Amino acid sequence: YPLHDAREGKRAMSVQVSERDGRLLFGLMTDVSGAFADSRAAYVPKREALALDLGLRNLFATNEGDLLGRDWLDRLRFHDARITRLAAYRQRHGLKTRSDRYRRYVSALRGFVRTEIGRILNRLVKTHAPAEIVVERLDFRNPCLSRRLNRILSSFGKAEVTRKLKDLGERFGIAVTEVNPAYSSQEDSSCGYVAKDNRPRQDAFCCRWCGAKRHADVNAA
């Protein structure tokens, strides 16, 4: 298929076999070490670092003011409603939650999360070309979503961001630094004043000390 044919590197004489949900999956292996060495040598950073904040409504905000994945929460709610309705229906009728349809719905959710994370991080690297990416310790749980979807996201979403950042490190030599997000939603990035009242609304930040105003996720980044 086109994505496979366009993948950089040399096809390895090996096949990867894995198991998922009782199914065997087969994949052709590609040796990308040479291609990645070339891309690291050609990569010229435009800035020292780019900081990312995982938002509730937007997937990522950056310290440069970018708000990316603006329909992130709405699309997650679509998947949440579909998965939750099916699980509730099967439970009411005394059936096991997992079924072929349930697995398809969860697979579609994972595909959306993987694609969106990859698309946005690729775009950020192309636009800003940082030497380092600074990211908070990720927590994909969202109070607007069901416990079921939060369980799926908390493990799969974090793993996908980690995997993609590792890929960018190997591909372009970008360093990745993880930081503690404690008080990032309450601290003014300009003057450092910390207060719960600094964030009067979910997406608004207004420092009670110096009066600085900006989007809350951008401030956190």
Side-chain angles (χ1 to χ4, degrees), residues 8-9 32-70 72-73 76 110 112-143 150-196 198-199 202-203 205 207 210 212 214-221:
E8 300 172 294
V32 296
S33 56
F36 280 11
D38 293 340
S39 63
R40 286 195 299 270
Y43 184 70
V44 180
K46 297 178 182 178
R47 65 184 68 248
E48 183 177 342
L50 182 71
L52 302 180
D53 177 75
L54 179 67
L56 291 178
R57 295 188 176 278
N58 310 292
L59 177 51
F60 285 117
T62 75
N63 60 310
E64 296 297 323
D66 305 286
L67 292 171
L68 301 166
R70 297 195 181 200
W72 166 251
L73 184 57
L76 285 180
R110 288 174 170 171
F112 161 66
V113 172
R114 180 185 297 112
T115 300
E116 196 71 355
I117 289 172
R119 180 185 69 82
I120 288 176
L121 290 180
N122 283 337
R123 178 182 171 186
L124 286 174
V125 169
K126 184 177 181 179
T127 303
H128 297 292
E132 177 187 16
I133 292 177
V134 181
V135 62
E136 64 181 350
R137 293 173 189 168
L138 299 170
D139 184 358
F140 271 77
R141 289 174 297 181
N142 190 308
N150 276 321
R151 282 198 303 271
I152 297 172
L153 285 176
S154 62
S155 58
F156 182 77
K158 180 178 180 180
E160 277 302 305
V161 174
T162 301
R163 182 196 64 78
K164 183 59 183 178
L165 290 175
K166 180 181 178 182
D167 172 73
L168 294 175
E170 293 173 346
R171 188 183 298 270
F172 301 114
I174 299 172
V176 177
T177 302
E178 189 179 76
V179 297
N180 191 334
Y183 301 108
S184 62
S185 64
Q186 303 174 15
E187 180 180 354
D188 182 9
S189 58
S190 299
C191 69
Y193 179 69
V194 179
K196 290 183 179 180
N198 281 351
R199 192 166 182 172
Q202 192 173 56
D203 59 352
F205 188 93
C207 181
C210 71
R214 60 183 66 86
H215 193 284
D217 293 338
V218 173
N219 176 77

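Keep in mind that the numbers below use all heavy atoms, side chains included, and drop hydrogens, waters and symmetry copies. Worth saying up front: this structure is predicted, and the values here are computed from it rather than measured.
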Check: Asn63 and Asp53 side chains under 4.5 Å, non-hydrogen atoms: no
Whether over 12 other heavy atoms sit under 6.0 Å from Lys158 NZ: no
Main-chain N/O of Leu54 paired with Glu136 side-chain donor or acceptor, under 3.5 Å: yes
For the student: nearest non-hydrogen atoms of Tyr43 and Phe172, plus distance: CD2-O, 3.4 Å
Min side-chain heavy-atom separation Ile120-Leu124 under 4.5 Å: yes
Side chain to side chain, Leu68 and Asn58, heavy atoms closer than 4.5 Å: no
CZ/Arg163: more than 12 non-hydrogen atoms of other groups inside 6.0 Å: yes
Closest contact, heavy atoms only, Asp66 versus His128: OD2-NE2, 2.8 Å
Leu76 side chain reached by Leu153 side chain, heavy atoms, under 4.5 Å: yes
Arg70 atom CZ, neighbour heavy-atom count above 12 within 6.0 Å: no
Lys166 and Val176, any side-chain heavy atoms less than 4.5 Å apart: no
The single option from Leu67, Leu52, Ile117, Val113 passing side chain to side chain contact (heavy atoms under 4.5 Å, CB included) against Leu59: Ile117
Arg40 side chain vs Glu170 backbone, donor-acceptor pair below 3.5 Å: yes
Gap separating the CD1 atom of Ile133 from the CD1 atom of Ile174, nearest 0.5 angstrom: 5.0 Å
